[in-house]
Protein chains: 2
Amino acid sequence: MPERSGAIRCQRIHCGPVNARTVTLLDVAQAAGVSKSTVSDALQGSGRVAPATRDHVREVAARLGYRPNSAARRLRSARTGAIGLHLPQTATRLDYYMKLAFGAVARAQEEGLDVVLLAPAGGTHGPLASRVDGMLVIDPETGDAAVPALLDAGVPVVTGERYLGPAPDPVGAVVCDNAASLTALLDHVHDRGARRPALLAPADTSAWAAALHTTAENWGRDHALPVARHTVSFAATAREAEEATAALLAADPDIDAVVCAPDGAAPGVLRAATALGRTPGRDLLVASCVDGAATRGSSPAITAVDFRPADYGRVCVELLCDILAGRTGPETVRRHGWTLETRASTLGTD
Amino acid sequence: MPERSGAIRCQRIHCGPVNARTVTLLDVAQAAGVSKSTVSDALQGSGRVAPATRDHVREVAARLGYRPNSAARRLRSARTGAIGLHLPQTATRLDYYMKLAFGAVARAQEEGLDVVLLAPAGGTHGPLASRVDGMLVIDPETGDAAVPALLDAGVPVVTGERYLGPAPDPVGAVVCDNAASLTALLDHVHDRGARRPALLAPADTSAWAAALHTTAENWGRDHALPVARHTVSFAATAREAEEATAALLAADPDIDAVVCAPDGAAPGVLRAATALGRTPGRDLLVASCVDGAATRGSSPAITAVDFRPADYGRVCVELLCDILAGRTGPETVRRHGWTLETRASTLGTD
DNA sequence: CCGGCTTGCCGGAACGTTCCGGCAAGGCTT
DNA sequence: AAGCCTTGCCGGAACGTTCCGGCAAGCCGG
């Protein structure tokens, strides 16, 4: 295996000063005149170490540039120090997922954990269980073949939104109240005078989409104002929303509000409206189920539900850490808040 | 440390059957009636093992559900089996980066490598060098405080686009010919009749943006057609592009083509044009430096340069792997291709 | 001044793997 | 038939950590 030695040599080349051998606990111990156990204890704050010794050891370690070897640490402590993150392969709401991922990374970092990106295609190359201590599975779709494998990989899993398929193991979940947020959206356009609202949403292959559909139905029943619905793809583009809106308005010209679910697609609703001679915010109210650059940057700006994705990511990591540490049961469900951002597209102020 | 035992217990609970202790090489060896060395060799395909023994061992390992412990493997072989991925914290071109990340993950998986997402904020919690074998630093910006730390973390680094700041170590790079692609874009609008093109681009804090500026200048000089330039933010929204375009057209009504750099912002150019009574594709050509959902889904669809981000991610990983394996020198620079996608916004066909 | 308790430190044994050296057994050449 | 090489397998030593048991030394009450 000449490759391997090559790889190692290459790595060595890059390791700072040429003569730099990786400095271990033992090196620090010798330099500080104590045993490796003491060094370990001093650095970890574990065991019983005299304050003077502790400071001395830490000083020596810093001077030598000691860097703990995470592989050894992981082996010994039976923890990988990493969590997996799975995002929908059909990753629409890109803005959203990206922010969520960064939020998760930030929070994980605070816990000293790495976040490894799991391949959307599934097909894990190795034993997932020995590579991560736990996993985040965000917006698991029933159609996603990778999800079941992830769920019984043998490590605790926290899902962002519930998984609608059969969950083999007890898992934690962080859920958004999608019913409440869509209700708020519909109430809002209703307050602004809309009487025939419509919903553009993906098929109910995710908990999010499913909640949207039932909520629309319930709201329609409660208000005796049936909500027209049109199915778009999970990763709908603005163009797709545009076409859907055109179809919707052609079928029922009385529609006076369009709520668009997929992130980034809502501007298409604006375009369709304008093309048909409507004025968004006046004779056609437009809103989006998920806030993002597209809704904030359009003109008029589009009313949307802000799920604060970065926070969402943080909360997911937090729950996973709590489960890992045994601070809470594995079936814990936590809620994540949202806010309604009302803007010109439903207020008519331009 | 009661937490830790809690964590372990929790992990055990999830490990399939209740009595399931993690099965090691030794367990397989005993079950197969051979030594652990033989098991290791049989499974890895290393050393000398009789085919019959090899098959037998593999069969036993599979039956017992043996899963190699990656921490042990990493410790022993001095490789972490993971690469880091750093994306610009000001992550515009989200669509782009997301696709790139997924491409990288897919390719890394083929090599048996994990991809760990590096915190944009820097502030690594541990020794980077012992957590990853190498790193991908995508579109490093000079303003990003995290980048220098990453570059001399002691592991090989491949950058996506060059780093303009002082690079402490020799690193590999995968670069796009931004000069050529912008030239192609300008040539294209020139061919379509534009004589006063303008460029909306971020300040030159990244190699990409810097290339855009110098290319615009060169092209203008070569064609005796100065390119009007307007600076927008790296993470420009459609609204920002809209305002910039309005300002640009107000200052110089003769402008007949606008090339917008940041991903997702180009639709704003369309809006500004329409608002000013222009017809995109006819009396104002519009193009984007980076293709994505926004350019494809707008109407009219926007001509753009497609960098095939998923491929880009793959190529970066490939180069990093080659460097790690010593198959190529550390200073290797590879080029990544692009294609010009001409669409209605410059063709006038609608 | 002695038994017990606390404090501070240390050795050594894991953790599960890879890999090197070695050693029989058997086949080949001479 | 004696030497040698190859094949197939094995034992053991790392890799760098954490953590448990233990052991001196100091301090106390009695």
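Letters A, B, ... mirror the listed sequences (proteins, then strands); counts begin at 1. Just so you know, these numbers come straight off a predicted model, no measurement behind them.
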Whether the side chain of [X] engages the backbone of [Y] through a donor-acceptor N/O pair (distance < 3.5 Å, no angle test) should be reported.
X: Ser40(B); Y: Lys36(B); answer: no
X: Asp133(B); Y: Gly81(B); answer: yes
X: Thr332(A); Y: Thr328(A); answer: no
X: Tyr312(A); Y: Val174(A); answer: yes

OP1 or OP2 of dC9(D) less than 4.0 angstrom from a side-chain nitrogen or oxygen of Thr53(B), does that happen here?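 Yes, Thr53(B) has a side-chain N/O under 4.0 Å of OP1/OP2 on dC9(D).
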
Distance check: side-chain N/O of Thr24(A) vs OP1/OP2 of dC15(D), anything under 4.0 Å?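 No.
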
Please report the distance, rounded to the nearest Å, between [atom1] in [X] and [atom2] in [N].
X: Arg74(B); N: dT17(C); atom1: CZ; atom2: P; value: 13 Å
X: Arg131(B); N: dG16(D); atom1: CZ; atom2: C1'; value: 17 Å
X: Leu26(A); N: dC15(D); atom1: CG; atom2: C1'; value: 12 Å
X: Arg76(B); N: dG16(C); atom1: CZ; atom2: C1'; value: 11 Å
X: Asn69(B); N: dC15(D); atom1: CG; atom2: P; value: 18 Å
X: Leu25(A); N: dC15(C); atom1: CG; atom2: P; value: 19 Å
X: Arg79(A); N: dC19(D); atom1: CZ; atom2: C1'; value: 16 Å
X: Arg48(A); N: dG22(D); atom1: CZ; atom2: P; value: 13 Å

Which is true for Ser70(B) with a 4.0 Å heavy-atom rule: it touches a base, it touches only sugar-phosphate, or it touches nothing?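 Nothing, no heavy atom under 4.0 Å.
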
Considering every strand and a 4.0 Å limit on heavy-atom distances, what is the contact class for Arg73(A): base, sugar-phosphate, or nothing?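 Sugar-phosphate, backbone atoms only, no base.
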
If we only count heavy atoms from C-beta on, is the Arg131(A) to Thr80(A) side-chain gap below 4.5 Å?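 No, side chains not in contact.
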
Please list, in numerical order, the residues of residues 29-39 of chain A that have a heavy atom closer than 4.0 Å to any atom of DNA chain D.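 Under 4.0 Å from DNA chain D: Lys36(A), Ser37(A).
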
Does the pair [X]/[Y] count as a salt bridge with the N-to-O cut at 4.0 Å?
X: Arg67(A); Y: Asp27(A); value: no
X: Asp311(B); Y: Arg334(B); value: no
X: Arg107(B); Y: Glu111(B); value: yes

Closest-nucleotide ordering on DNA chain D, the 5'-leading residue of Arg54(B) and Ala72(B):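 Result: Arg54(B).
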
Global bending angle along the helix from dC1(C)-dG30(D) to dT30(C)-dA1(D), which compares the axes of five pairs at either end, to 10 degrees: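 Inter-axis angle at the ends, rounded: 40°.
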
Within 6.0 Å of CZ in Arg314(B), more than 12 heavy atoms from elsewhere: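 For Arg314(B), atom CZ is crowded (more than 12 foreign heavy atoms under 6.0 Å).
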
On DNA chain C, check which nucleotide each of Asp41(B) and Ala71(B) is closest to and give me the residue with the more 5' one.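 By nearest-heavy-atom nucleotide position, the 5'-most residue is Ala71(B).
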
